[in-house]
Colleague: 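Dumping the structure here so I can ask a few things about it.
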Protein chains: 2
Amino acid sequence: MQLNSTEEKIKKAALKVFSDKGYAQTKTRDIASNAGVNISTLHYYYRSKDRLFKMVSDEVFEKFNKISHDILDADIPFEEKIRRFVSDYTDFYKANPKLASFIIFESERNPEKVFDNIDFERFDQKAERELRQLIQRGVIRPISYPNFVLNMVSMTVFPFLNKHMLHKFNGLTEKDFEDLLEERKIMVPQMIIDHLYLK
Amino acid sequence: MQLNSTEEKIKKAALKVFSDKGYAQTKTRDIASNAGVNISTLHYYYRSKDRLFKMVSDEVFEKFNKISHDILDADIPFEEKIRRFVSDYTDFYKANPKLASFIIFESERNPEKVFDNIDFERFDQKAERELRQLIQRGVIRPISYPNFVLNMVSMTVFPFLNKHMLHKFNGLTEKDFEDLLEERKIMVPQMIIDHLYLK
DNA sequence: TGCGGATTCAATCAATTGATTGAATCAATT
DNA sequence: AATTGATTCAATCAATTGATTGAATCCGCA
């Protein structure tokens, strides 16, 4: 599919509107007018709102998963993986600020639409094994895998879920927000590592 | 308004459906049938979907804010406030598991419907002052107030935003989830305190 | 030029949904 | 028992919305 084709324009508009408003609040007419095409052109290419959503969300989750897999496959120390996880996902969400809420919101609100063929398993099994080994070797303190992941993911993603509130109630400008993210790239891994490593 | 009155039944059903499905995906018919009343009974009491939503969300945010205010007004050390924040909000969300997503989702998706008269300011000013003083006295390391809050809030709330994923991809049972939360009540404040306090 | 498939669109359909109406029922008071 | 206001409901309305239809337009190619 070539860039800027009608088909591609529709998908881009769909991602924008879906992640701005969520699945239910999105109207196919919104997407069509955002893409600058007729409603039936949208249906011509994607048949239904559901199928269009699935296409978009599959693409999003693919990009999303790739980051994890790349980090896990990298031949670097565990500490470094933590730093890269926070840094890479922060950059990912910075480049696509709406994806954070898209992923979290829609996977809770419309799991049946989002999950069909996503495999978190490969990633999880590998990561969990690595964590367990470090615990058994006495390098890091005992911690359950879900808790470890939650700490890392929550502190990385949450600023993007809360952006509106941060702007409204903490008066953060866009620049402030970016500075805050850069600060977190250092601080968050450091917090996790300081808590985890027994040294 | 008396307990279990029709009016109250509608509001309870509304909270349930709104927080299950989000504003847009909620149909007044859903609420009515959940409450066991006719659609027009719902309109008789609340006039419109918007007004019903506002009633419900105001009540939610009131409870939500009370926790912060109580902690901040308490005459206990700052460390202890961190522990109570994590613990009290965890209990709050445990008792009302859907409220976490309700608060985060709706305040981002429909800020204009949610925020009218919420004052985060009193809380924030007081808390920020307390943090600044500790930094100036050299008790804790320098950290911006938004970053401090983000760390605390994100690690506390996030498990509830992600519950479905945790169940699906980590195979957590309900019991596992509760154990995990109890573990986090200890671990999360400890992480924050270890990182913050210079001792 | 003219054929044929791909693409686009205006018009329309059917289902959904928030809201209203007017009648019926209930409950308290006299 | 009668009156009155509060409550409830079946039926209906108007707007929205996902989807379809059939005609028009575009484009590559003989």
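Numbered from 1 within each chain, the chains take letters A, B, ... in sequence-line order.
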Colleague: Could you run down the sub-3.5 Å N/O contacts of the protein with nucleotides 25-27 of chain D?
Modeller:
none

Colleague: Where does the angle between the aromatic ring planes of B:Phe18 and B:Tyr23 fall among parallel (under 30°), tilted (30 to 60°) and perpendicular (over 60°)?
Modeller: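 Plane angle under 30°, so parallel.
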Colleague: The test is side chain to side chain contact (heavy atoms under 4.5 Å, CB included); show your working for B:Glu106 and B:Val60 and say whether it passes.
Modeller: CA-CA 11 Å; B:Glu106 298 307 328; B:Val60 167; over 6 Å; no
Colleague: Once you round it to whole Å, what is the distance between C1' of C:dT16 and CD of B:Gln25?
Modeller: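 Distance check: B:Gln25 CD to C:dT16 C1' gives 14 Å.
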Colleague: Mind listing the closest non-hydrogen atom pair of B:Ile71 and B:Lys81 along with its distance?
Modeller: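 That closest heavy-atom pairing would be O-CE, 3.6 Å.
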Colleague: Figure out the OH/P separation between B:Tyr46 and C:dG18, and round it to whole Å.
Modeller: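 Computing the B:Tyr46:OH to C:dG18:P distance gives 17 Å.
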Colleague: Assert yes or no for the condition that the ring centre distance of B:Phe53 to B:Phe102 is strictly below 6.0 Å.
Modeller: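 Yes - the distance between ring centres of B:Phe53 and B:Phe102 falls below the 6.0 Å cut-off.
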Colleague: Classify the ring geometry of A:Tyr93 against A:Phe160: parallel below 30°, tilted from 30° to 60°, perpendicular beyond 60°.
Modeller: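 If you compare the ring of A:Tyr93 with that of A:Phe160, the planes turn out tilted.
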Colleague: Check the orientation of B:Tyr89 and B:Phe85. Use parallel for under 30°, tilted for 30 to 60°, and perpendicular for over 60°.
Modeller: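 Answer is tilted, since the angle falls between 30° and 60°.
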Colleague: Are any side-chain N or O atoms of A:Tyr145 and backbone N or O atoms of A:Arg129, one a donor and one an acceptor, separated by less than 3.5 Å?
Modeller: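 Absent.
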Colleague: Mind calculating the distance between CZ (A:Phe53) and P (D:dT17) to the nearest angstrom?
Modeller: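 Rounding to the nearest Å, CZ of A:Phe53 and P of D:dT17 are 18 Å apart.
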Colleague: Dot-bracket, DNA chain C: Watson-Crick or G-U, under 3.5 angstrom, [ ] crossing, | other strand?
Modeller: ||||||||||||||||||||||||||||||
Colleague: Taking atom types as modelled, is there a side-chain donor on A:Ser40 or A:Asn38 under 3.5 Å from an acceptor on the other?
Modeller: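 Yes, a side-chain donor-acceptor pair sits under 3.5 Å.
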Colleague: If we ignore hydrogens and angles and just use 3.5 Å, is the side chain of A:Asn170 paired with the main-chain N or O of A:Leu172 as donor and acceptor?
Modeller: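 No, the answer is negative, given that no donor and acceptor are paired below the 3.5 Å cut-off.
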Colleague: Can you tell me how far C1' of D:dG18 sits from CZ of A:Arg51, to the nearest Å?
Modeller: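 Answer to the nearest Å: 15 Å.
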Colleague: Does B:Thr173 offer a backbone N or O that forms a donor-acceptor pair with the side chain of B:Asp176 under 3.5 Å?
Modeller: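 Here the side-chain-to-backbone pair exists.
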Colleague: How close do B:Phe61 and B:Ser107 get, heavy atom to heavy atom, and via which atoms?
Modeller: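 Where B:Phe61 meets B:Ser107 most closely, the heavy atoms are CZ-CB, 4.4 Å.
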Colleague: Counting side-chain heavy atoms from CB outward, which of C:dT8, C:dG18, D:dT8 is closest to B:Lys27?
Modeller: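 Output: C:dG18.
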Colleague: In whole angstrom, give the distance that lies between atom OH of B:Tyr44 and atom P of C:dT25.
Modeller: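 Roughly 17 Å, once rounded to whole Å.
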Colleague: Between the protein and nucleotides 19-23 of chain C, list the N/O to N/O atom pairs that are separated by less than 3.5 angstrom.
Modeller:
unit_1, atom_1, unit_2, atom_2, d
C:dA19, OP2, B:His43, NE2, 3.2
C:dA19, OP2, B:Lys49, N, 2.7

Colleague: Measure from OH on A:Tyr45 to C1' on C:dA6 and round the result to the nearest Å.
Modeller: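 Value for this atom pair: 8 Å.
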